[in-house]
Structures are given as C-alpha cells and as structure tokens.
Amino acid sequence: QVQLVQSGGGLVQAGGSLTLSCSASGRTFSSSVMGWFRQAPGKDREFIASFNWANGTTRFGNSVKGRTTISRDIAKAMVYLQMNNLKHEDTGVYYCAARPAVGVTTSPKDWYYWGQGTQVTVSS
C-alpha cells in the first residue's frame with residue numbers, strides 16, 4: 001500500500017510557475033514509480049510526469065516537456081512537480097499517483113494509488 005497526500009496548486013497567472021508536492025508513505029513506495037496526472041473538465045486524465053523511485057528515471061508528457069521538472073526528496077519521502085511558463089490549457093485537477101516499478105506505462109488505468117487531487121487554474 002502507498003498513501004499519497006498532495007499540497008500546492010491554486011490560481012496562477014499565465015506565464016508563471018507552480019510547484020506541487022506529494023508526500024508518500026507506506027512500505028512499498030521506495031520501489032514505486034511516482035507520477036503526476038491532470039484532468040481538465042470534459043477531458044481524459046493526462047499523464048504529466050513520472051519519477052522512478054528505484055532508479056531515478058524521469059519521463060514527461062509531450063504537452064509539458066521542456067517546461068516541467070519532477071524531483072524527489074528522499075529524506076522527506078516527497079515528490080515535487082514544478083511547471084514553468086504556464087498556459088491556460090494547463091488548467092485542471094492535478095493528481096499525484098504511484099504504481100509498482102514494473103514496465104513503462106503512462107496510462108492512468110495502470111496506476112494503483114492516487115492522491116486527493118488539487119485544482120490548478122491558470123488565468124490568461
């Protein structure tokens with residue numbers, strides 16, 4: 001079991017930056033892949049970024065590549081998502097997620113554990 005608790009988000013101006021945090025706990029998170037997804041109204045949940053806790057590998061969705069970083073603090077068991085140059089289309093509910101570190105997948109259906117979600121609104 002992995003428990004995820006998110007923090008951060010809110011209203012941000014276009015062109016600005018935001019940082020989301022995700023606190024992980026549970027006996028298996030150190031062998032997991034941690035990731036972020038977002039869901040805009042009326043749209044499917046979209047993969048944003050992931051961090052393989054076991055080997056440090058990162059992966060990014062095409063819509064955020066080049067303006068997004070994902071990092072971790074091992075001591076705090078935290079994963080951070082930083083996005084720069086925010087656009088209106090970045091608006092949505094952002095979710096922290098985790099899955100066992102088996103294979104490579106960005107499909108939401110393959111992720112077992114989810115945070116509570118946090119709203120990010122980018123004003124133009």
Side-chain angles (χ1 to χ4, degrees):
Q1 287 282 345
V2 177
Q3 293 80 43
L4 305 172
V5 178
Q6 302 174 220
S7 59
L11 180 64
V12 187
Q13 284 192 330
S17 300
L18 71 83
T19 300
L20 302 178
S21 303
C22 180
S23 172
S25 62
R27 63 183 183 91
T28 61
F29 82 88
S30 60
S31 60
S32 299
V33 178
M34 304 288 295
W36 290 91
F37 289 77
R38 70 182 176 203
Q39 190 162 20
K43 294 189 176 181
D44 293 336
R45 196 163 292 189
E46 176 190 10
F47 171 78
I48 299 299
S50 66
F51 192 111
N52 187 316
W53 203 274
N55 61 23
T57 301
T58 58
R59 184 176 294 271
F60 298 93
N62 289 333
S63 64
V64 302
K65 199 173 293 184
R67 59 190 181 96
T68 299
T69 59
I70 185 169
S71 60
R72 66 176 172 181
D73 184 321
I74 295 176
K76 297 181 179 179
M78 297 283 291
V79 173
Y80 305 97
L81 179 75
Q82 181 173 349
M83 295 182 64
N84 303 312
N85 189 22
L86 287 166
K87 307 172 184 179
H88 178 69
E89 49 265 39
D90 292 319
T91 295
V93 178
Y94 282 68
Y95 296 92
C96 179
R99 63 174 180 83
V102 177
V104 177
T105 176
T106 59
S107 174
K109 66 178 178 62
D110 296 322
W111 294 69
Y112 291 12
Y113 309 105
W114 294 88
Q116 78 274 23
T118 186
Q119 177 69 44
V120 172
T121 302
V122 181
S123 62
S124 53

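Only this structure's heavy atoms are used, side chains among them; waters, hydrogens and symmetry mates stay out. We count residues from 1, following the sequence as given.
- Nearest heavy-atom pair, W114 versus P108, reported as atom, atom and distance to 0.1 Å: CZ2-O, 3.5 Å.
- Across all their heavy atoms, N84 and S17 have their closest contact at OD1-OG, 2.9 Å.
- Note: the hydrophobic cluster containing I48 does not contain V104 (ILVMFWY, side chain heavy atoms under 4.5 Å, direct or indirect links).
- Heavy atoms from other residues, nucleotides or ligands lying under 6.0 Å from CG of D44 number 12 at most.
- Linking Ile, Leu, Val, Met, Phe, Trp and Tyr whenever their side-chain heavy atoms come within less than 4.5 Å puts F60 and W53 in one cluster.
- Note that OG1 of T68 is 7.5 Å distant from CG of D90, once rounded to the nearest 0.5 Å.
- Across all non-hydrogen atoms, the minimal contact from V2 to S32 is CG2-OG, 4.1 Å.
- Note: M78 CE to M34 CE = 9.5 Å, rounded to the nearest 0.5 Å.
- Hydrophobic clustering of Ile, Leu, Val, Met, Phe, Trp and Tyr side chains at less than 4.5 Å, counting indirect connections, unites I70 with L18.
- Residue R72 holds its CZ atom at 14.0 Å from SG of C22, rounded to the nearest 0.5 Å.
- Between the CG atom in L86 and the OG1 atom in T91 there is a gap of 8.5 Å [rounded to 0.5 Å].
- From S63, atom OG reaches atom CD of E89 across 9.0 Å, with rounding to the nearest 0.5 Å.
- Between Q6 and C96, the shortest heavy-atom distance links the atoms OE1-N, 3.0 Å.
- By the rule that hydrophobic residues join a cluster once side-chain heavy atoms approach within less than 4.5 Å of another member, L4 and V33 end up as members of separate clusters.
- Aromatic rings from F37 and W111 are positioned such that their centres are separated by under 6.0 Å.
- Rounding to the nearest 0.5 Å gives a distance of 10.0 Å between OG of S23 and CD of Q3.
- Closest approach of K43 to Q39, counting heavy atoms only: O-NE2, 3.1 Å.
- Inspection of the R38 and Y94 side chains reveals an N or O donor paired with an N or O acceptor under 3.5 Å.
- In this structure, L81 is not a member of the same hydrophobic cluster as Y95, with clusters built from ILVMFWY side-chain heavy atoms closer than 4.5 Å.
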Residue pair M83, W36: steps toward the side-chain contact (heavy atoms from CB on, under 4.5 Å) verdict: CA-CA 11 Å; M83 295 182 64; W36 290 91; over 6 Å; no
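- The nearest pair of heavy atoms linking S124 to A14 is CA-CB, 4.1 Å.
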